Amino acid sequence: MALIVHKYGGTSMGSTERIALVAKRVAKWARAGHKMVVVPSAMSGETNRLLALAKELAPAKPGDAYNRELDMLASTGEQASSALLAIALQAEGLEAVSYAGWQVAIKTNSAHTKARIESIDDKKVRADLDAGRVVIVTGFQGVDELGNITTLGRGGSDTSAVAVAAALKADECLIYTDVDGVYTTDPRVVPEARRLHTVSFEEMLEMASMGSKVLQIRSVEFAGKYKVKMRVLSSFTPWDIDMNEEATSGTLITFEEDEDMEQAVVSGIAFNRDEAKISVLGVPDTPGIAYKIVGAVADANIEIDMIIQNVSKEGKTDFSFTVHRNDFAKAVDLLNSKVIAVLGAKEVVGDAKICKVSIVGIGMRSHVGIASKMFSCLAEEGINIQMISTSEIKTSVVIDEKYMELAVRALHKVFGLDQAVA
Ligand code: ADP
Ligand code: ASP
Ligand code: MG
């Protein structure tokens with residue numbers, strides 16, 4: 001008998017029919033003797049619907065007062081799907097109870113719309129499990145120390161599930177979604193993409209952070225920190241599929257490098273359309289400029305991703321960086337109103353129509369020439385590279401967003417990912 005956490009994404013919870021199938025699947029696991037905790041997302045489209053209602057009344061405004069209400073609003077999506085799943089499980093003849101994040105409690109910091117989990121009290125959940133109940137915990141949300149409801153950023157139910165699994169020291173966290181595992185790239189963009197039977201934790205971390213939205217990055221971080229055994233699999237297999245077959249399907253995130261395994265140099269390609277590029281032009285090139293620009297942006301709680309500073313010509317330089325598109329207008333305003341004059345810079349220009357494409361693989365550590373192969377592939381396609389960043393196991397480029405699919409497909413082919421492994 002094991003303690004298992006299941007997470008079901010929006011499509012998997014997308015209708016009452018689908019919720020009924022989820023309940024049948026969970027009931028199968030519970031009847032096999034496992035202690036079951038389930039973390040559902042909102043029904044598909046619900047979070048978008050709710051956030052769009054807010055926008056109808058007032059455009060997104062920076063600031064805590066507005067974001068606090070967005071969290072109040074968006075968190076209801078998961079509250080509804082959790083209660084529906086509990087009802088469906090009860091209809092299956094099981095004892096089931098659902099809790100909102102604040103009832104557990106899942107404590108977070110106060111960064112509304114992108115809060116981080118700080119602690120989880122496992123008492124209530126354990127008591128229910130010991131009493132033989134299936135426990136459903138809302139994904140995507142928590143509560144701050146003042147009692148405000150918070151949400152964890154889009155896709156945050158993955159993180160809720162892994163954090164709950166870590167707190168309960170669960171034997172495994174199964175992430176059920178609408179694809180049957182982690183692929184070499186998004187199978188919706190490259191139909192030739194191949195499913196990976198295993199992916200190393202480090203690669204998954206890079207793929208998630210580079211934009212592969214199959215898992216939210218923080219869920220992978222949690223899995224790494226607390227060594228949670230995590231698997232991505234499909235909720236679209238028949239619910240009564242053999243349990244052993246189900247438990248070994250999909251993609252396992254592994255923590256040990258398998259020395260015997262023939263390591264692909266590049267394991268996957270990730271892309272991200274969510275960023276925008278900002279350039280501060282004509283900055284007097286003196287010590288402290290990077291700090292003044294980046295510091296001002298960071299103080300406004302805006303995360304910066306890639307940074308590039310050009311060589312200085314006649315004592316002036318250009319400084320470019322990328323931010324999330326949601327923060328683009330705010331960052332440009334901030335630089336125009338507070339930073340340009342202090343720096344004595346010429347102007348701020350922005351481009352929201354960019355994307356970032358990354359190749360990821362632990363095999364890159366021991367191979368040279370991978371980045372140049374990437375650049376030559378893009379050159380052959382006539383795609384201009386605007387920014388580059390590298391780490392031990394990834395190379396990322398920023399390109400015009402209109403070339404994204406072309407770039408991903410070409411790179412997928414060049415690095416041999418289209419082919420089946422022998
Ligand atoms: P859920 O609602 O279950 O959380 P998401 O839409 O958040 O599902 O994530 C699953 C989707 O992630 C897939 O439908 C797929 O289009 C996309 N995706 C992006 N990159 C990958 C990848 N490398 N492997 C598998 N799916 C990917
Ligand atoms: N419902 C939230 C979202 O749409 C969280 C999630 O699905 O993981 O982003
Ligand atoms: Mg998701």
Side-chain angles (χ1 to χ4, degrees), residues 6-14 18 22 38-52 70-71 73-82 101 113-115 117 137-142 150-164 173-199 203-220 230-236 250-251 253 266-274 326 357-361 404-405 408 411-412 417:
H6 279 192
K7 181 260 170 177
Y8 291 91
T11 321
S12 310
M13 296 289 292
R18 292 235 47 96
V22 167
V38 188
V39 177
S41 290
M43 294 169 78
S44 57
E46 180 63 2
T47 311
N48 286 346
R49 186 186 75 83
L50 292 166
L51 295 175
L70 287 186
D71 282 354
L73 179 66
S75 62
T76 63
E78 270 71 9
Q79 192 170 324
S81 62
S82 294
T113 75
K114 47 183 173 190
I117 295 176
V137 176
T138 50
F140 184 49
Q141 61 183 268
T150 54
T151 65
L152 310 179
R154 299 306 305 267
S157 298
D158 298 331
T159 304
S160 308
V162 181
V164 164
C173 181
L174 301 176
I175 307 282
Y176 288 87
T177 184
D178 56 7
V179 276
D180 61 356
V182 178
Y183 278 67
T184 46
T185 193
D186 189 340
R188 289 182 210 282
V189 171
V190 182
E192 295 79 20
R194 227 176 350 100
R195 183 166 61 81
L196 302 162
H197 296 290
T198 61
V199 61
E203 286 171 326
M204 197 60 241
L205 197 62
E206 284 286 7
M207 275 173 65
S209 83
M210 292 303 120
S212 163
K213 71 166 190 153
V214 61
L215 288 175
Q216 199 200 36
I217 176 152
R218 285 187 197 153
S219 70
V220 189
M230 183 179 186
R231 182 180 288 278
V232 177
L233 67 170
S234 172
S235 71
F236 284 76
T251 302
I253 320 296
V266 171
S267 305
I269 297 177
F271 52 85
N272 181 352
R273 278 180 265 232
D274 294 339
N326 292 346
V357 177
S358 310
I359 55 172
V360 174
M404 191 196 82
E405 296 196 358
V408 174
L411 291 168
H412 198 265
L417 297 175

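These figures come from a predicted structure and were not determined experimentally. Just so you know, ligand 1 is whichever comes first in the structure, and atom 1 is the first atom listed for that ligand.
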Name the closest protein heavy atom to atom 6 (C) of ligand 2, giving the residue it belongs to and the distance to 0.1 Å. Ser157 OG, 3.4 Å

Checking Val220, Ile359, Val360 against Glu206 for side chain to side chain contact (heavy atoms under 4.5 Å, CB included), the one that qualifies is Val360

Protein contact of atom 9 (O) of ligand 2 - nearest heavy atom, named by residue and atom, plus distance: Arg154 NE, 2.7 Å

Glu78 and ligand 2 - part of the residue with a heavy-atom distance under 4.0 Å: side chain

If I apply the N/O under 3.5 Å rule, does Thr47 come out as touching ligand 2? yes

Among protein heavy atoms, which sits nearest to atom 7 (O) of ligand 2, and what does the distance come to when rounded to 0.1 Å? Ser41 OG, 3.1 Å

Ligand 2 to Gly155 polar contact by distance, N or O atoms, under 3.5 Å: yes

Sub-3.5 Å donor-acceptor pair from the side chain of Ser234 to the main-chain atoms of Asp180, do we have one? no

Can you find a non-hydrogen atom of Gly156 under 4.0 Å from ligand 2? yes

Can a donor-acceptor pair be found between the side chains of Thr159 and Gln216 at a distance below 3.5 Å? yes

So if I only count non-hydrogen atoms and take anything under 4.0 Å from ligand 1, which residues does that give, chain by chain? Lys7, Gly9, Gly10, Thr177, Asp178, Val179, Gly181, Val182, Tyr183, Thr185, Asp186, Pro187, Arg188, Met207, Ser212, Lys213, Val214

Results of salt bridge (Lys or Arg N to Asp or Glu O under 4.0 Å) for Arg154 - residues two or more places apart only: none

Looking at Thr76 and Leu73, would you say the former's side chain and the latter's main chain have a donor-acceptor pair under 3.5 Å? yes

Are Leu215 and Ile253 close enough that some pair of their side-chain heavy atoms sits under 4.5 Å apart? yes

Which atom names give the shortest non-hydrogen contact between Gly101 and Thr138, and what distance separates them? N-OG1, 2.9 Å

Does Thr185 reach the side chain of Leu417, with side-chain heavy atoms less than 4.5 Å apart? no

Face-on cation placement of Arg18 at Phe236 ring, 6.0 Å and 45° thresholds: yes

